[in-house]
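In what follows, every heavy atom counts, from backbone to side chain, and hydrogens, waters and symmetry copies are set aside. Note that ligands are numbered from 1 as they come in the structure, with each ligand's atoms numbered from 1 the same way.
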Amino acid sequence: MTPSDTPEDPALWEDATRLVRGGLARTPYGETSEALFLTQSFVYATAEEADARFAGSGPGPHFVYSRYANPTTQMFEDRLALLEGAERCRSTASGMSAIAVALTGLLRAGDHVVSGRALFGSCRWILSNHLPRFGVETTAVYGPDLDAWRAAVRPNTKVFFIETPANPLLEMSDIAGVCAIAREIGARVVVDNVFATPIFQKPLTLGADVVAYSATKHIDGGGRVLGGAILCSHQIMEEAYRDLLRHTGPALSPFNAWVLLKGMETLDLRVRRQSETAAALADRLAEHSKVVRIFYPTREDHPQYAIAKKQMTGGGNLVAFDLGSQAAAFNFLNALEIVDISNNLGDAKSLATHPATTTHRAMSAEQRAEVGVTDGCVRLSVGLEGVTDLARDLSRALEAA
Ligand SMILES: Cc1ncc(COP(=O)(O)O)c(C=O)c1O
């Protein structure tokens, strides 16, 4: 091979390459690893230079304050944008700040939002309790039913919000189908893609306008830092989010961005391995007499298996199952010896939680009943441990359930 005259176009790279090389901006020192710019602000040689940088004119980078932008957070944003196939990405301090900004930036008093009703508890709280305080109406529908999304449309519907697979029972909505309805009425579609990960589902290619992440989960992958991200077109970023982010300040710490950049280097490897293990464990759990119901996207008995086949390229690392009662679920959790009891997910360590009393306790009992989050439900986030060890731990804990 001879050296090419034209530089590599990162848009041609595979995901694995994007995750390692995307957004990399080396300093003149030529460091191998991404540089950590742990600085709040920047200095200028002259007042004229400060004037030019604030105006965004003149040569060189235009960093002025890390609430607006920072070289390390920008590397993280550029890497994730490349992976997602988005024109722009902005990072935030947590997944919830990303969701809050993604929604509020597109809405004003008098608007209406339609969402799936199966959502992470804090997302459901934003829709049910927070947005209505500012004059935004919301309707929660049964996500898998496209007719329900269509029937919920009002003249003032401006945003559809989808979480798929949804936390915790992995209920799925048809992203392309909801986007088609949104296009007919000129509404925007925001997708929380946390459970699927950017490896197994690409909502922008299915017609979504905005994708939001909790980077706290698989993107970190080591349970270390909180982070979030919003991805969309240049136009939406400038019109809806740029000023909101700048003036309300939910900025990602550069240190956290650096940790997340390192996490991304192994994201593809990790989630593929975790997904393989999760699929194998789901099959074993399904056969156990104490498991009343099992939920895993790529199992044929999942109620929305057809949707998973259409829009996901892997099932992901989350498995949910029902043990029939809170007592059985608690006995199971308390008997685990390798898997930790934790409400987090996407970690290298396998983690299990009881959604009704942890992640989904912000929802009312009626809201939980509506989405099938019973007292017997357990959510398992499969980590990177050996599949045989995990299977043994689950079997032992099921005996105690
Ligand atoms: C689907 C989903 N969206 C958003 C979030 C919020 O992320 P964070 O904890 O980083 O704010 C979570 C957290 O568990 C989640 O599961």
Side-chain angles (χ1 to χ4, degrees), residues 73 76 80 89-104 115-128 130 140 143 161-173 175 190-198 200-201 203 208 210-231 248 250-253 256-257 259-260 263-264 271 274 278 295 297 312 316-320 340-347 349 351-363 367-368 371 373 377-383:
T73 59
F76 167 66
L80 192 54
C89 172
R90 285 297 305 275
S91 55
T92 56
S94 68
M96 283 322 302
S97 49
I99 303 282
V101 170
L103 289 171
T104 53
S115 76
R117 64 189 185 191
L119 298 177
F120 173 54
S122 296
C123 298
R124 187 77 195 257
W125 183 88
I126 289 185
L127 289 156
S128 309
H130 192 57
F161 178 63
I162 309 176
E163 180 181 311
T164 183
N167 190 348
L169 296 186
L170 307 152
E171 187 170 284
M172 281 172 274
S173 299
I175 299 175
V190 178
V191 177
D192 178 336
N193 205 39
V194 169
F195 268 43
T197 80
F200 292 136
Q201 185 168 271
V210 180
V211 179
Y213 283 105
S214 165
T216 316
K217 314 300 179 195
H218 310 81
I219 292 176
D220 177 325
R224 296 162 292 190
V225 300
L226 295 173
I230 301 170
L231 297 114
T248 60
L252 181 68
S253 145
N256 290 5
V259 172
L260 296 170
M264 286 181 82
V271 302
Q274 287 171 330
F295 302 92
M312 295 179 75
N317 81 314
L318 288 135
V319 183
D340 290 305
I341 303 173
S342 173
N343 45 294
N344 204 12
L345 60 96
D347 201 302
K349 295 182 175 63
L351 308 172
T353 195
H354 180 247
T357 51
T358 61
T359 52
H360 287 66
R361 72 179 300 142
M363 283 165 82
Q367 286 175 336
R368 280 199 298 275
V371 296
V373 179
C377 280
V378 172
R379 189 195 72 195
L380 174 67
S381 167
V382 175

Exercise for the section: Please identify each residue that fulfils ring pair (Phe, Tyr, Trp, His ring centres under 6.0 Å) with H218, with sequence neighbours left out. Expected result: none
Practice task
Would you please name every residue forming a side chain to side chain contact (heavy atoms under 4.5 Å, CB included) with T104, sequence neighbours left out?
Solution key: L131, L244
Handout entry: Residues which pass side chain to side chain contact (heavy atoms under 4.5 Å, CB included) with A118, listed by chain and number, not counting sequence neighbours
Key = A166, E171, V371
Exercise for the section: Indicate whether any N or O donor in one side chain lies under 3.5 Å from an N or O acceptor in the other, for T353 and T358. Expected result: yes
Exercise for the section: Calculate, to the nearest 0.5 Å, the distance between atoms OG1 and CE belonging to T164 and M312 respectively. Expected result: 7.0 Å
Completion exercise
Sorted by chain and residue number, the residues with a non-hydrogen atom under 4.0 Å of ligand 1 are S94, G95, M96, F120, E163, N167, D192, V194, F195, S214, T216, K217, G227, L345
Exercise for the section: Could you label the plane-to-plane angle of the H360 and F120 rings as parallel, tilted or perpendicular, counting under 30° as parallel and over 60° as perpendicular? Expected result: perpendicular
